[in-house]
Structure formats: C-alpha cells, structure tokens
Amino acid sequence: MTPKNIIEVRDLTVEFKKPRGSLLAVNHVDFDLREGSVTALVGESGSGKTTLAFTMLNIVNTTGKILSGSVNYNGTDVLKLKGEQLRRYRWKEISMIFQSAQSSLNPLMTIQQHFWETYLVHEPEADEKKVIPRFFRLLEDVMLDPDRVLKLYPHELSGGMKQRVMIAFSMLLSPRVIILDEPTTALDVITQDYIFSILDKIHNETGISMLLLTHDIGVVAKVADRIAVMYAGRIVEVGDIFTVFRHTAHPYAKALITTAPSLLDTDKDKEPIKGSPPDLIDLPPGCAFHPRCPYATEVCREKCPALTMIGEDHYVACHNSLPGKGAAAYE
Amino acid sequence: MNYFLRKLGTSLLNLIAVVVTIFIVLRMMPGDIIEPMAREEASRLGITYEEAYERVADRYNYNPQEPIYQQLVRYVKGLLRGDLGTSMLNPKNTVVSILSVALPWTIFVVSISLIISFILGMQLGALMAIRKRGIINNSITFYVTIVSAIPSYIIAIILSIIFVYQLRLFPKSGVYSIDVTPGFNMPFILSVLHYSVLPITTYVITSTGGWILNMKGSSVHVLGSDYVFAAQARGIPEKIIMRRYMKKNAMIPMITILAMAFGGMIGGAPLIEGQFQYLGMGAYLAKALGERDFILYQGLLLCISISVILANLVADLLYSKLDPRIRLE
Amino acid sequence: MTRLLHSFKDFFKVIFRNRQATIGLFILTFFVLLATVGAALTPLDMTVDYANRFQMPSWKHPLGTDYVGRDILAQVIHGSRDVITLGVVCAVMALGIGVIIGSVSAFVGGFTDTLLSFFTNIFLTIPAFPLMLILAVAFNVQNIWAAGFILAIVSWGGVARVVRGQILSLKHAEYIIACRIMGLKYWYIIFKEILPNMVSLLAVQFIGLFQNGIASSMGLMMLGVLTYRPTNWGVMLSLALQNTGIAYNPKGLIYFVTPIVCLALLQLGCIFFSSGIDQALNPRLRTE
C-alpha cells in the first residue's frame, strides 16, 4: 500500500532576478509530502529549501517568479489559487513557522490580538468569548501559561517563549500540514530539545503532517521519518529515513550525513565536503555537485542526472549511484 | 524611572537652559538700548537722567548697568511673576498682553497645518510604498521634488500675489474681519477660516512633502519586515495588513519627528505670517525685528521656544501611548 | 595615493550610473562654473540707468533690466558667487562644529556626553530661524564670514546628533568590537573603520546644510537683516518685492522670477546629488 501524499510538487521552478543575473532557487523539483509523516528537507543555506516551502503556501518574495510546475494539495493546484481562495487556504490548510519566528509577530499587538485576528479572518462568524478556551488549550499544549501570555506583547516574551507561541499559533486553525523552517536555530540547545519534544508530542497526538526544514542532520535523526536532501535548487536524494541513512546513495547526502557529529557513530573518517557552495547564478554544467564530488566522471560534467528510483521508496539523482558503482550504498 | 516623569524632568531642564540662552542672546545686543530712551524720558518729564534710567529699566525689567548675575535674577524673577516687560515702541503694551493676542492664532494655524499635512503625508507616503510605479506615484514624486526645492516663504509670496493681489480672494492682512464680533458665532468662525486659508495652505504645501518622503521610507522598511510576510502567510487580508501592520508600525517613528516639524513651522512663521500679515507670533517677530524692539522679540522668542518644548512633551506622550514597547508606568 | 584616485574614479562611476545623481552633479557644476568663470567674464555695472528700466530681454540684456535699468543676468551671475560661497562657508562651519561636538560626545561618553547632548538639545529646541534673525542683528553682520557663522550656529545641532548616534552605533557594532579585541589602536579604528563608514553620512549632511544655509540666508535677506551685497539672490528678491510693485506690474516679473528659478534649480541640484551621493558612498546601498 502506498501512503497518501498530502502535497505533491511537480516540475517546480522558481526564478529570482538579481542585479548580477537570474538564479533558479528551485530547479525542476518533484517532491511528495506523505500524509501524517514528519519529512525533513535538508540542505545548506541557499539550497532552495525555504523557497520550495514558500511555494506550498503560494507565497513567494516579491523578486521571485514561478516559471513552471504545480503544487497539488489534496487535488487542488495551490499555485492557481488567487485572492480570497488563496487567503482562506493559507494557515487553514497549511501553516508555517518561519526561520524568523522571533520577528514574525506585529510589535503593536498582544498575543491574544494576533490569535483572534487570524481566527476571525478565517471564521468570520466566530465569537471571541467562545474561542478563547481554544487559545488557552493551544498555549497549554506548548507549556505556556495562557492567562499571562495572551496579554503580553511580543517584546515581552523570551526567544523560547516566542517559538512556543508560534507553534501554538500554527496549530490555531488545525491545519493538516505545518512547515517548520529551522525552528530552533536562534535558541540554545536545551530549549531546542524542549521545542522538539513539544513538536513530537503534537505530532503523536494529532497525526499532523510536518515538513521540517533544517541543515542539522542530528535533528533529522531525532524527529523525522522521511528525508529529502536538496542541493543547488534540486532534490538529490529522497526516501525513508532508515533507508537513506543506511544506504546513502548521493555523494553529497553521504558527506552531509557522515560529517554530522556522532550520528551513527561509524568508524569512517569524517571528511569535510571539499570546495565551496555553488554560485547559484553561475551553476556548473551537468550535475551541480560535480566540482566537489570525489566520484565525478565525464558524464557528470555534461548531463544533469534525473531523480531515479533505486530501492523501495528511495530516489536519488546521481549518475554513479546505482548499486555496485561509486558512491552507491547497497553493496 | 517613570518614563513620563523623566521626560518632564528633561523638558524642565531644557526650559531653564533655553531661558538662559535667550537671556544671553539679548545681552549681546550692541550698545545700551535703555540709554536713548532714558535720555528722551528725562527731557520729556523733566527728571534727572539717573531717575529716568531707573524708570525705563523697571518698565522693561532690564537694566544693562547691573552686573550680569543680577540681571539674570531680575529677569527670572520677572518671568516667575509673568512680567516680560513692555514693548519698547509702545510702553502701554506689555509683552505678555501681545503674546496672549498673538499666540493663539499661530498655534491655531500651525496645528491645523500640521494635522492636515501629517495625515496627507501618511496616506500618500504609504500609498507610494505600496504602489511602486504608476501615474499617481510619479506625480507625487514630482510634487515632493518641487516643494522641497522651493522654500516656504517663496510659496507664500507666490500665493499672496495670485490670490490676494490678483484675484483678491483673500484679505491682505489681519486674522478676522472687523465686521464680525469675536465669540462662538458662525460669521466669526467663517471669517477666521477665511483669513487663515492662505497661511495654512502655504504650510501644508511645503510640509506635506517631507512627511510623504519620511512615511514612504518607513513604510517600505515595514513592508520588508518579517511580521508583514508572516501575516500574509496567515491569510490576513491585504487591507488589514496595510492598516494594522504597515501603517501603524510605519507611523510610530513619525511621531518623534512631529515636535521637530512643529518647531520648524513655527520658526518659519516670521516669513509666512509676515507675508500674509497674519497677526500671529511670526508677524510680531518680524515686526519687532524691523523696529528693533528687542524686549518684545525676546518675549516672543521665549514663548515659541516654550511651545516647542511642550510640543516635544506631547509627542513623547503620544509615542508612549502608541508603542507598547515604551510603557508609562 | 593611487587608492585615493581609484576610489575617486569609483565614486564618479556610481554617480554616473544614477540618473538623478548625474542631473544633480550637472546642475551643481553649472552653478559653480557660473559663480567662477561666469562671474569673471561678465562685467557688472550697478549704475542706475533710469531710462532703460524694465526692459524686455534683448541681445544686450538677455534677461532684461531691473527697476533702475541694470542688467538682470549680470546680477544673477554675480549673485551666484555670493550665494554659493555663503552656502559653503555655512556648511563647512556647521559640519565642523557638529562633528566635533557629536564625536567628542560619543567617544568620551559619561558626563561629557550628557552635558554636550544637553547643549545640543538647546539649539535644537529654540526655533532656528528666529534665533538666526536676532543673532544677525546682534552681530550686525556685514560680511560673508559673519553671515556663515550665524547660519552655522543655528544649524549644527542636527549634525551633532546624527554624528553622535552614528558613532555610538558603530562603537557597538560587532566588527568594531572585534577590532578592539584584536588590540588595534584606538586611532587606527577611528580612521580606518569608523571614518570611512561616516563619509556618506557627512557628505549628505554637508549638502543638506549647504541647501538649508542658502534658503535661510535668502529668508534673512527678505527680512532685511543681511543686506551686505545687492546682487545676492535674496536681496534681489526682496528688492523686487519692494520696488517693482510686482503684484500689479507684469514688467517686473523677470526680475522677480529669476532669483526664484535660480534658487529652485540650485536646491534641486542639491537634492538630486545628495540622493546619488548616498548610493555612491554608502556600501550598503550599492547593489553589487
């Protein structure tokens, strides 16, 4: 039985115009988000994770332009939604916790005003008195004291508190998907753990689908059940977390996973990824990773590899990844 | 410490410093301004020069022959009694009586202008930040560029030539018609408005440009902020985002400029009120300067400086009311 | 030296890439040429020639003549020299005072800072124009230096405040703290790290002061307290208002309009140039 996909991204390309030239932040990407899963989208800064996530809310920075593709949510193409329909879709179906969660709140409004405003624009018939218990429950779920927090302004909250408020806020309309963009980067390690335990709890209790954007493999191992690796605007490897970790097939994914501190605790030498991150405006021809790849061959310099299935629920975009060759891991 | 009390304290200190500064400026006047008047009074009343000098000095509450600290003491004592001396040209008019006639008109004209230009500037500035191109945007830019290149007094001159002398739509001088009785009645109010149209128009034309530019910059900044983006992601309608997120946040830094703008407008009053002969503080300042009536000038200058200090205080209060990050308690 | 030349070249490159800045530079250059070369080449004859008053433009008088038959163009050209010099004198003095007070305030800190900030505040509180008027009378201004000084005295406050704020924020900027931790000398940090970051700010302030100085000085002349030279645009304007009966006399229009147009053009040049200078010298605004 194949699990149901709640989001299906097909052939998506997003272009950004810069003074120096244009760049494809997302380059012909196909991507599925399984219903009820916690999928980690891993990649360096600038690999296009955030842009890909933004398209799922059909919200792209002013300089960005969607060139091709579709984002299907439950049968509707999100990119075709406009005006009122789009407005109602956002947050009600998919909510997002931004990387900049610390500054995602209007400094002039209390937490309660934020919650109520968002609730009201989606449920115009609502009665504030009747929904306040819901605000209480949501905040209690993230271990905050609702009585106090609802009355506070954003600047009166600590970083960890703000993050938890944002988690509660993202659950406000019981969406079916939450996107978490580096939800813990600004926080200290103890708070990070705390936040993930809360997220874990929410996921277990509600079965909500989560898309976790991160560059921290350690976090992925802890919470995710699927992983997708992005490099220079493309998905290079995707699959079930155990399969990908055990049989890493893409050289970049392999480097990313093995260089993570004490993850599977293998005795392999931890070698840093050679070379520097790609210049997105001036990408090398062929596979974008070839200048840094120890297994690169002639074909890598000429042809961009397509995402191919190499095992059960395991896809990779690499010329040399097939079993028995180069970086392949099914040996 | 309490935010408001602290601001009040600063204002008081500022007030003291301003009083002293203006006192010093007047002492820098070349020569002894009392002497010729004492001489004239001595011969007119047939009293000794010394006696006349004493009388004149008392009348203006200013005796340049005393040591400087004594002069300051005399000046401050006078201030505390509400005695700023009398006009040098017409000793029957005390400075305070002139102030009480002139100040309300200036405050009236400047505040109305400030409110109109502030509101216009906020709306147009926000509009410019949202719509980056188009005819409206280009015409606003053109307007802002032109008015920032032409000083306000030139606009006053042009307006008065066209509307007062050529078209004869507005009176040449005064603050209301002699045909009406002051009080709360329609003819009086209409007359007051009629007389104040041109000064207000001048102020509004010249100061709206600055507000537009400031608000545009501030709005663009807010539009790029994370919380506006986050609000869009939450499905908040654009209208609410513009009003509750962009405009409100962009306006807060504008509040701090309000008092400075008020000071700038009141400072330009000698030229603008002078041009329309609108008998407020500015017209009297110009008149006192022309007639070298230093005692009156000093009183007027002190009075407008105090208004600026008060305006600062009001702006601070407004700021703390609007921005929850500054709490009053 | 070559580095200086290089940054000079870079500067003009950025200026010329910006349309507004190019126009601004063009206008300012025009006026500077007018004030130097133009004034040297144009003879100024201020003798009264009553028979030729209010003449329309002709070859002999390209802008016609004024109310006593003097050539308007020659007056405007010679006036520009006075106007620009006064603007520069005022801007240099005010910038000097403002930078000294602002930077001492920010670097020394403590009680000195409180005192100087307080002092600055007084000058920001008393409305500038009326203060300027009374100072001009008190000092009985008769020359350009005194006039510039009066203008500077009332306009340095804003500069001091901005400079102080900028230095304070730079002082606490992470890269400056890094410099201090690295043990770099105080003066080295000031000249190599802080000053270059303030160049664009000071340049914009300078143009603003220049612009305001000119506008205010013309205002002073209109009220008759700075009348040391009849060709200054402000004096021309004030004479036009008093002596031509401009409100009813269309013949005096050119004499009245000329100084206004010149002033507006000069101000426009300043506004355009300063927007460009900010982009040229502020690395953060440079998109490259």
Side-chain angles (χ1 to χ4, degrees), chain B residues 10-11 13-18 20-22 25-30 144-146 148-154 157-158 160-162 164-166 259-260 262-271 274-275 281-282 285-286 288-290 292 294 297-298 300-302 304-309 312, chain C residues 20 27 117-119 121-140 153-154 157-158 211-212 214-220 222-225 234 237-238 240-241 245-250 253 256-257 259-261 263-272 275:
Chain B
T10 322
S11 302
L13 275 177
N14 217 337
L15 179 70
I16 294 168
V18 165
V20 173
T21 310
I22 291 175
V25 167
L26 195 79
R27 307 309 112 159
M28 290 189 315
M29 286 303 140
V144 171
T145 315
I146 294 299
S148 43
I150 302 177
S152 55
Y153 55 86
I154 289 189
I157 293 171
I158 294 170
S160 83
I161 287 178
I162 297 174
V164 177
Y165 294 98
Q166 294 289 332
M260 223 190 258
F262 178 84
M265 285 164 96
I266 238 178
L271 284 164
Q275 183 61 40
M281 302 290 284
L285 272 166
L289 185 86
R292 301 295 187 261
F294 298 121
Y297 198 92
Q298 164 185 257
L300 292 161
L301 188 56
L302 184 68
I304 58 175
S305 303
I306 293 172
S307 336
V308 174
I309 293 175
N312 261 306
Chain C
Q20 269 201 352
I27 296 175
S117 298
F118 183 63
F119 187 61
N121 231 350
I122 300 170
F123 281 87
L124 286 172
T125 305
I126 303 177
F129 191 70
L131 183 61
M132 206 155 34
L133 285 173
I134 193 76
L135 287 176
V137 172
F139 289 120
N140 192 20
I153 277 191
V154 299
Q211 203 189 328
N212 275 331
I214 287 173
S216 316
S217 69
M218 282 183 67
L220 289 177
M222 304 262 317
L223 286 176
V225 291
L237 192 58
S238 140
L241 283 173
I246 182 65
Y248 304 111
N249 177 9
L253 205 61
F256 168 70
V257 167
I260 295 182
V261 171
L263 172 69
L265 259 180
L266 185 56
Q267 300 270 319
L268 216 55
C270 290
I271 295 167
F272 283 167
S275 80

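Every chain is numbered from 1, with letters handed out A, B, ... down the list of sequences. All figures in this text were calculated on a predicted structure; none of them were measured in a lab.
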Go through the atoms of [X] and report whether side chain, backbone, both or neither lie under 4.5 Å from a heavy atom of chain B.
X        : value
C/Phe119 : neither
C/Leu266 : neither
C/Met218 : both
C/Ala128 : neither

Go through the atoms of [X] and report whether side chain, backbone, both or neither lie under 4.5 Å from a heavy atom of chain C.
X        : answer
B/Leu300 : neither
B/Thr21  : side chain
B/Met260 : side chain

Between [options], which residue shows the highest count of heavy-atom pairs closer than 4.5 Å to chain C?
options                                : result
B/Leu285, B/Val164, B/Ile154           : B/Ile154
B/Leu289, B/Leu301, B/Ile306, B/Ile150 : B/Leu289
B/Leu271, B/Ile161, B/Ile162           : B/Leu271

**Message:** Could you measure the distance from the CD1 atom of B/Ile16 to the CZ atom of C/Phe118? Nearest 0.5 Å is fine.
**Reply:** 7.5 Å
For [X] and [Y], work out which heavy atoms get closest and say how close.
X        : Y        : result
C/Gly219 : B/Tyr153 : N-OH, 3.3 Å
C/Phe129 : B/Gly267 : CB-O, 3.3 Å
C/Ile271 : B/Ala149 : CD1-N, 3.9 Å
C/Thr125 : B/Ser305 : CG2-O, 4.0 Å

**Complete:** Greatest number of non-hydrogen atom pairs under 4.5 angstrom with chain B, of C/Leu265, C/Ile134, C/Leu223, falls to C/Ile134
**Request:** Report the option among C/Val137, C/Leu131, C/Asn121 that has the most heavy-atom pairs separated by less than 4.5 Å from atoms of chain B.
**Result:** C/Val137
